[in-house]
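Everything numeric here is computed off the predicted structure, so don't read it as measured data. Order of the sequence lines fixes the chain letters, A, B, ..., with proteins taken first and strands second; residue numbering starts at 1 for each chain.
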Amino acid sequence: MDKLFNKFFKPEVITLESGNSVERPRSKKILILSILFIVVYISLKVTGFNLTIIIKRSNQLTVILSQIFNPNFGYFKNVVRPLVDTVKMSLLGSIIGCLLSIPFSILASSNINKNKPILLFVRFVLSIIRSIPTLIIASVAALIFNLGTFAGTIAISIFTFGIVSKMLFESIETLDMGPFEALESFGCNKFQAFWGSCVPQVLPTYFSHCLYCFEMNIRAASILGYVGAGGLGVLINERIGWRDYNGLGMVLLSLFVLVLLIDQLSSYLRSKLG
Amino acid sequence: MIEFINAGKTYPNGVVGLKNITLTIEQGEFVAIIGLSGAGKSTLIRTVNRMHDATSGKVIVDGIDVNTLKGKELRKFRRKIGMIFQSFNLVTRATVINNVLTSDIPDMPWYRTLFGIFTKEQKMKALKALDKVGILDKAYTRCDQLSGGQQQRVALARTLNQNPSIILADEPVASLDPIMADVVMDDFKRINKEMNITIIINIHHVDLALKYANRVIGIRSGEIVYDGKSEDVNQDVLDKIYAGKEVPEMVKEVVYG
């Protein structure tokens with residue numbers, strides 16, 4: 001790239017009094033800025049972006065927002081059950097996914113698994129799982145296991161499994177393999193050496209990944225109801241359908257408080273992991 | 001007894017690690033291997049417990065041809081050979097006693113390994129090993145809170161806990177300060193004398209090698225250029241081992257002082 005650039009924009013040659021010279025490459029700022037401008041322009045055209053609509057309809061936004069920010073507190077009694085469902089879904093889903101990820105991430109770590117075909121196969125499967133959006137998994141699960149929280153739990157397990165496996169095998173690959181070598185040197189097989197030396201090293205990181213995933217899942221679980229997988233999403237969908245923005249405000253407020261609490265709890269727990 | 005018969009090692013990338021090594025080490029000897037970095041010291045000791053394979057010739061330990069061992073046999077064979085590393089290779093996040101206990105793992109059923117359940121006897125044995133190297137009081141401290149010298153003694157205790165008849169030490173004092181290096185070498189010497197364990201040690205500090213070992217083996221480009229008593233090591237020998245490179249003053253003092 002640099003060579004090509006220098007061919008079109010000849011570097012400036014600075015010659016000192018001594019006769020020695022040095023080449024100063026031309027600045028790339030103008031080139032980059034013009035490319036950026038062209039790309040932005042094309043995107044505006046393609047997406048049909050229209051500023052006048054934004055200005056004309058913006059008052060509608062304030063109407064809706066003002067209702068949302070004026071929640072109907074009496075509606076809270078209807079929120080409790082779906083809220084608890086959401087927590088149950090994400091908690092159970094996270095636990096299943098995290099447990100399931102352990103054997104697969106070991107198989108996906110190049111420093112432990114020396115069998116290339118298996119390694120590549122496991123990684124391929126993991127990346128497929130990760131590439132499917134949670135909502136798609138949830139809607140398929142809802143088709144198979146009927147509407148409701150069970151489908152949501154399955155969707156979250158699969159999603160968590162994909163993410164935690166990836167994070168875990170990357171942590172395993174950056175481990176200090178010295179202790180592993182030591183355990184092998186006094187007669188452990190690969191499994192024993194892994195369990196005795198790598199697990200104690202990676203356990204805190206693993207728990208931290210799990211907690212982080214649980215945080216994400218609370219948010220993910222709250223919209224899964226959109227595709228019929230239970231939880232708060234059902235309520236959100238319904239309130240928007242009824243144009244009951246005060247009720248919607250109450251749902252969102254509860255969700256906000258819940259996420260805040262779980263985040264605090266999770267980051268407290270993670271700070272306790274050495 | 002460890003025997004090398006015309007043993008050689010060529011790495012897959014063509015680098016020659018060892019050439020035609022013939023060598024006999026009796027039970028209970030304290031051998032120091034000296035030589036420049038890359039001369040083949042590590043390769044030599046790692047062929048003893050098959051962390052590296054010799055590609056030609058034979059390595060025979062207590063009558064067993066090491067190169068013929070496979071899987072379970074190899075692991076069983078390794079039980080009686082301890083290994084000490086330059087970087088200690090401890091699980092720094094775990095407590096000292098848990099590190100020592102790892103050397104019991106190979107003999108444990110899988111379910112006890114899985115949940116890390118060690119018996120009372122195993123724990124007492126581990127504590128005894130720690131007592132032998134003088135850091136019993138640190139047993140329940142986390143390893144990363146110890147100094148380098150203390151960590152190397154934990155590694156030594158871990159090795160003693162497996163009851164080895166041979167200890168291989170790969171640059172055990174290279175990352176320690178001079179005082180701690182002396183302390184750790186003292187431990188080695190004591191273990192060698194009291195328990196009649198063969199000790200083979202790779203070492204850069206010629207002064208320490210001459211002070212503690214009974215026998216010195218000099219290696220240069222994968223070949224043995226000196227093998228004899230440590231008292232007989234003189235300037236000519238060092239010149240031969242270190243290819244005529246200047247040997248630091250401190251070493252000369254030890255040799256001639």
Side-chain angles (χ1 to χ4, degrees), chain A residues 95 98-107 109-116 118 167-168 170-211 269-274, chain B residues 45-46 48-52 69 71-95 98-99 101-116 118 142-145 154-155 158-164 166-170:
Chain A
I95 292 173
C98 289
L99 287 179
L100 216 57
S101 70
I102 297 173
F104 284 90
S105 51
I106 293 173
L107 287 177
S109 313
S110 58
N111 53 347
I112 309 290
N113 181 3
K114 300 286 182 198
N115 187 328
K116 256 278 151 60
I118 295 181
M167 295 203 287
L168 185 57
E170 280 180 355
S171 325
I172 292 176
E173 284 188 340
T174 56
L175 284 182
D176 170 19
M177 291 305 281
F180 186 86
E181 188 194 10
L183 263 70
E184 274 202 314
S185 86
F186 49 68
C188 286
N189 61 28
K190 290 238 184 247
F191 168 76
Q192 291 168 329
F194 178 81
W195 210 260
S197 70
C198 298
V199 169
Q201 286 186 73
V202 87
L203 215 51
T205 333
Y206 169 68
F207 284 140
S208 148
H209 292 333
C210 294
L211 283 169
L269 288 177
R270 275 192 283 145
S271 72
K272 289 284 158 197
L273 295 168
Chain B
I45 69 164
R46 273 154 205 261
V48 175
N49 63 351
R50 262 278 295 282
M51 294 302 273
H52 287 340
L69 293 174
K72 211 167 189 171
E73 287 173 317
L74 175 63
R75 293 198 293 270
K76 199 176 149 226
F77 164 77
R78 282 180 178 165
R79 296 294 292 133
K80 59 180 178 190
I81 303 181
M83 197 160 191
I84 301 281
F85 305 83
Q86 175 179 350
S87 47
F88 324 133
N89 290 358
L90 299 170
V91 181
T92 50
R93 260 185 172 144
T95 56
N98 276 341
N99 267 285
L101 284 168
T102 55
S103 60
D104 283 327
I105 288 179
D107 298 331
M108 278 161 44
W110 64 270
Y111 56 87
R112 283 219 278 124
T113 309
L114 205 59
F115 298 106
F118 296 95
R142 255 170 72 139
C143 269
D144 47 14
Q145 285 167 7
V154 175
R158 177 175 68 181
T159 299
L160 289 179
N161 191 43
Q162 71 181 93
N163 246 328
I166 301 166
I167 291 179
L168 308 170
D170 195 3

Q: For the residue pair A/A182 and B/R158, what are the closest heavy atoms and their distance?
A: CB-NH2, 3.3 Å
Q: Check A/G178 against B/N89 and note the closest heavy-atom contact, atom names and distance.
A: O-ND2, 2.9 Å
Q: Under 4.5 Å from any heavy atom of chain A, what part of B/S87 do you find: side chain, backbone, both or neither?
A: neither
Q: How long is the span from the CZ atom in A/F186 to the CG atom in B/D107, to the nearest 0.5 Å?
A: 10.5 Å
Q: Side chain, backbone, both or neither: which part of B/L168 has an atom under 4.5 Å from a heavy atom of chain A?
A: neither
Q: Measure distances from B/R50 to the heavy atoms of chain A and classify the residue's part below 4.5 Å as side chain, backbone, both or neither.
A: neither
Q: Under a 4.5 Å heavy-atom cut-off, does chain B meet the side chain of A/F191, its backbone, both or neither?
A: side chain
Q: Please assess B/N49 against A/S185 for the test side chain to side chain contact (heavy atoms under 4.5 Å, CB included), listing each intermediate value before the final yes or no.
A: CA-CA 7 Å; B/N49 63 351; A/S185 86; 4.0 Å; yes
Q: Mind listing the closest non-hydrogen atom pair of A/Q192 and B/M108 along with its distance?
A: NE2-O, 4.1 Å
Q: If I take atom CD1 from residue B/I105 and atom CG from residue A/N189, how far apart are they, to the nearest 0.5 angstrom?
A: 10.0 Å
Q: Would you name the heavy atoms of A/P200 and B/R93 that are closest together and state the gap between them?
A: O-CD, 3.8 Å
Q: Evaluate the side chain to side chain contact (heavy atoms under 4.5 Å, CB included) criterion for residues B/L114 and A/W195: first the C-alpha distance (whole Å), next the side-chain angles of each, then the deciding distance (0.1 Å), finally the verdict.
A: CA-CA 7 Å; B/L114 205 59; A/W195 210 260; 3.5 Å; yes
Q: Looking at every non-hydrogen atom in both residues, tell me the closest pair between A/G196 and B/V91 and how far apart they are.
A: O-CG2, 3.9 Å
Q: So with a 6.0 Å cut-off around CZ of A/F104, is the heavy-atom count from everything else above 12?
A: no
Q: Against chain A, label B/I81 side chain, backbone, both or neither, depending on which of its atoms sit under 4.5 Å from a heavy atom there.
A: backbone
